[in-house]
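First comes the structure, then the notes that go with it.
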Amino acid sequence: MPSPSASLAYPRLDLGAAFEQFDLEMNRRGFISHQVLPIFDTPLQANAYPIIPIEQMLQNRELLRAPGASYSRGKWTFKSDGYACQEYGTEEPVDDREAAMYRTMFDAESVATMRALEALLNGAEQRAVSLLTDTNVITQTAAASVAWSTPATATPITDFNTARNAVWASTGIWVNAIVMSRNKFNHLRECAQIIDRIKSNANYKVLNGEITEAMLATAFDVDRIIVSGAAKNTAKEGQTATVASTWTDSNVLVCRVATTNDVREPCIGRTFHWAEDGSQPLGQVEMYRDESIRSNVIRVRHDVVEKVMYAKAGYLITGA
């Protein structure tokens, strides 16, 4: 007898508690893709959007009007770029017999949901990091003067000033965020130049271990320090795990992150999300029955694409 069609899948709203729990865990562990590339909900799976060239926004024009004369009128053009959301998803079968055997130890459906969410959002994180650390995409880049892991002589504030000024010179906008790995954040907390700057700002004794992200943001004069704490397993399936930081430790991104939901705002980029097919930005949880393996199958999916919109709104410090 044929198994029921997977098209009979239905949303599992009752697993929302597990989802919310994972969402909090995701923030605690330092998933940062949607902080750097905020979600932009779009009614179309694929479309073009306008990119206003920076030179057009900064264009000088004649403003003086003589009596009886017309006012000057702006003449500007825009470029078009495009996006095409793609569906990503994964499934976790919950075997009837195993669910019954271990029901006093854990809720198998909740565990399956969190495992699927982990896989889905880890994939999104890795796509975003790969895009944002690609020097073929973010072409403004320079090596740190001294590796930031050398606390006595490293000059991260000087390196940052170079990056900040380069972004301003090419766009006329000021950066508002610095993105780095947790390991690089820990290096900065030991850096003499950082400690001296914070001490001079705070006017009191500062212990290395007490330096927070907010204190670093003040030292660099940006709105946010975005620290990636997520990890990935670089080994192939079935092999011994090789754990590495998802965000490359040696790269630091200085950038302008979106502050509004206006797609025309100059910023490093966004995550386009298409909901028409039932997708949710952080994953739609569904379930269907597969009698061929006597299992309820938990599916998590979303329809997204990560997009760098203004590459010049970012600058990569390498070898940091």
Step-by-step side-chain contact (heavy atoms from CB on, under 4.5 Å) determination, N165 to F160: CA-CA 8 Å; N165 294 339; F160 163 76; over 6 Å; no
Given S279, which partner from the list R301, H273, Q284, H302 fulfils the side chain to side chain donor-acceptor pair (under 3.5 Å) test?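 Result for side chain to side chain donor-acceptor pair (under 3.5 Å) with S279: H273.
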I would like to know whether R97 and D95 meet salt bridge (charged side-chain N to carboxylate O under 4.0 Å, His left out); could you show each step before the answer? CA-CA 6 Å; R97 188 167 185 271; D95 183 272; over 6 Å; no
Could you state whether [X] and [Y] fall into the same hydrophobic cluster, counting links through intermediate Ile, Leu, Val, Met, Phe, Trp or Tyr residues with side-chain heavy atoms under 4.5 angstrom apart?
{"X": "V175", "Y": "I226", "result": "no"}
{"X": "I157", "Y": "M215", "result": "yes"}
{"X": "Y310", "Y": "V305", "result": "yes"}
{"X": "L188", "Y": "W247", "result": "no"}
{"X": "M287", "Y": "V285", "result": "yes"}

Between [atom1] of [X] and [atom2] of [Y], what distance do you get to the nearest 0.5 Å?
{"X": "I39", "Y": "E306", "atom1": "CD1", "atom2": "CD", "value": "8.0 Å"}
{"X": "S228", "Y": "N183", "atom1": "OG", "atom2": "CG", "value": "10.0 Å"}
{"X": "L253", "Y": "M180", "atom1": "CG", "atom2": "CE", "value": "10.0 Å"}
{"X": "T113", "Y": "I298", "atom1": "OG1", "atom2": "CD1", "value": "4.5 Å"}
{"X": "D41", "Y": "Q280", "atom1": "CG", "atom2": "CD", "value": "8.5 Å"}
{"X": "R189", "Y": "I198", "atom1": "CZ", "atom2": "CD1", "value": "9.5 Å"}

Determine whether a donor-acceptor pair (N or O, by modelled atom type, separation under 3.5 Å) exists between the side chain of [X] and the backbone of [Y].
{"X": "Q45", "Y": "C85", "answer": "yes"}
{"X": "S170", "Y": "V167", "answer": "yes"}
{"X": "N233", "Y": "T242", "answer": "yes"}
{"X": "R294", "Y": "D96", "answer": "no"}
{"X": "T42", "Y": "L44", "answer": "yes"}
{"X": "Q140", "Y": "K312", "answer": "yes"}
{"X": "S200", "Y": "R197", "answer": "yes"}
{"X": "K184", "Y": "A320", "answer": "yes"}
{"X": "E109", "Y": "V94", "answer": "no"}
{"X": "R103", "Y": "A100", "answer": "yes"}

Has [X] got more than 12 heavy atoms of other residues, nucleotides or ligands less than 6.0 Å from its [atom1]?
{"X": "R115", "atom1": "CZ", "result": "no"}
{"X": "D221", "atom1": "CG", "result": "no"}
{"X": "W168", "atom1": "CH2", "result": "no"}
{"X": "E276", "atom1": "CD", "result": "no"}

Could you check if a side-chain atom of N251 sits within less than 4.5 angstrom of a side-chain atom of T318, using non-hydrogen atoms only? yes
Tell me, do I268 and I138 make a side-chain contact under 4.5 Å, heavy atoms counted? yes
Against [X], only a single residue in [options] fulfils side chain to side chain contact (heavy atoms under 4.5 Å, CB included); can you say which?
{"X": "L37", "options": "T271, V257, V304", "result": "T271"}
{"X": "I32", "options": "T246, V227, V179, L132", "result": "V179"}
{"X": "I178", "options": "Y315, F220, F185", "result": "F220"}

E91/R299 under side-chain contact (heavy atoms from CB on, under 4.5 Å): CA gap, chis, key distance, verdict: CA-CA 4 Å; E91 295 182 338; R299 174 195 295 150; 3.1 Å; yes
Just by distance, no angles: are the side chains of D290 and S295 close enough, under 3.5 Å, to form a donor-acceptor pair?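 No pair is found: no donor N or O on one side chain lies under 3.5 Å from an acceptor on the other.
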For S33 and E125, does a side-chain donor sit closer than 3.5 Å to a side-chain acceptor? yes
Pair R256-D223, salt bridge (charged side-chain N to carboxylate O under 4.0 Å, His left out): steps then yes or no: CA-CA 10 Å; R256 178 75 185 188; D223 295 339; 5.5 Å; no
Set out, in order, the CA-CA distance, both residues' side-chain angles and the distance that settles side-chain contact (heavy atoms from CB on, under 4.5 Å) for D81 and M309, then state yes or no. CA-CA 8 Å; D81 203 344; M309 300 174 71; over 6 Å; no
Can you give me the closest heavy-atom contact between [X] and [Y], atom names plus distance?
{"X": "L117", "Y": "L282", "value": "CD2-O, 3.5 Å"}
{"X": "G229", "Y": "R182", "value": "CA-CB, 4.2 Å"}
{"X": "P38", "Y": "A258", "value": "CG-CB, 4.1 Å"}
{"X": "A313", "Y": "T171", "value": "N-CG2, 4.3 Å"}
{"X": "G283", "Y": "V300", "value": "CA-CG1, 3.9 Å"}
{"X": "S181", "Y": "D249", "value": "OG-OD1, 2.7 Å"}

Between I211 and L216, does the side-chain contact (heavy atoms from CB on, under 4.5 Å) criterion hold? Intermediate values first, please. CA-CA 7 Å; I211 294 176; L216 274 181; 4.0 Å; yes
My understanding is that only residues two or more places apart in sequence, or in another chain, count here; which of them pass ring-ring contact (aromatic ring centres under 6.0 Å, His included) with Y88?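 Expected list: none.
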With sequence neighbours excluded, residues passing ring-ring contact (aromatic ring centres under 6.0 Å, His included) with F272: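 F272: ring-ring contact (aromatic ring centres under 6.0 Å, His included) contacts with F40, Y49, Y83.
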Run the side-chain contact (heavy atoms from CB on, under 4.5 Å) test against R65 and tell me which residues pass, sequence neighbours left out.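 If we apply the side-chain contact (heavy atoms from CB on, under 4.5 Å) test to R65, skipping adjacent residues, the hits are Y71.
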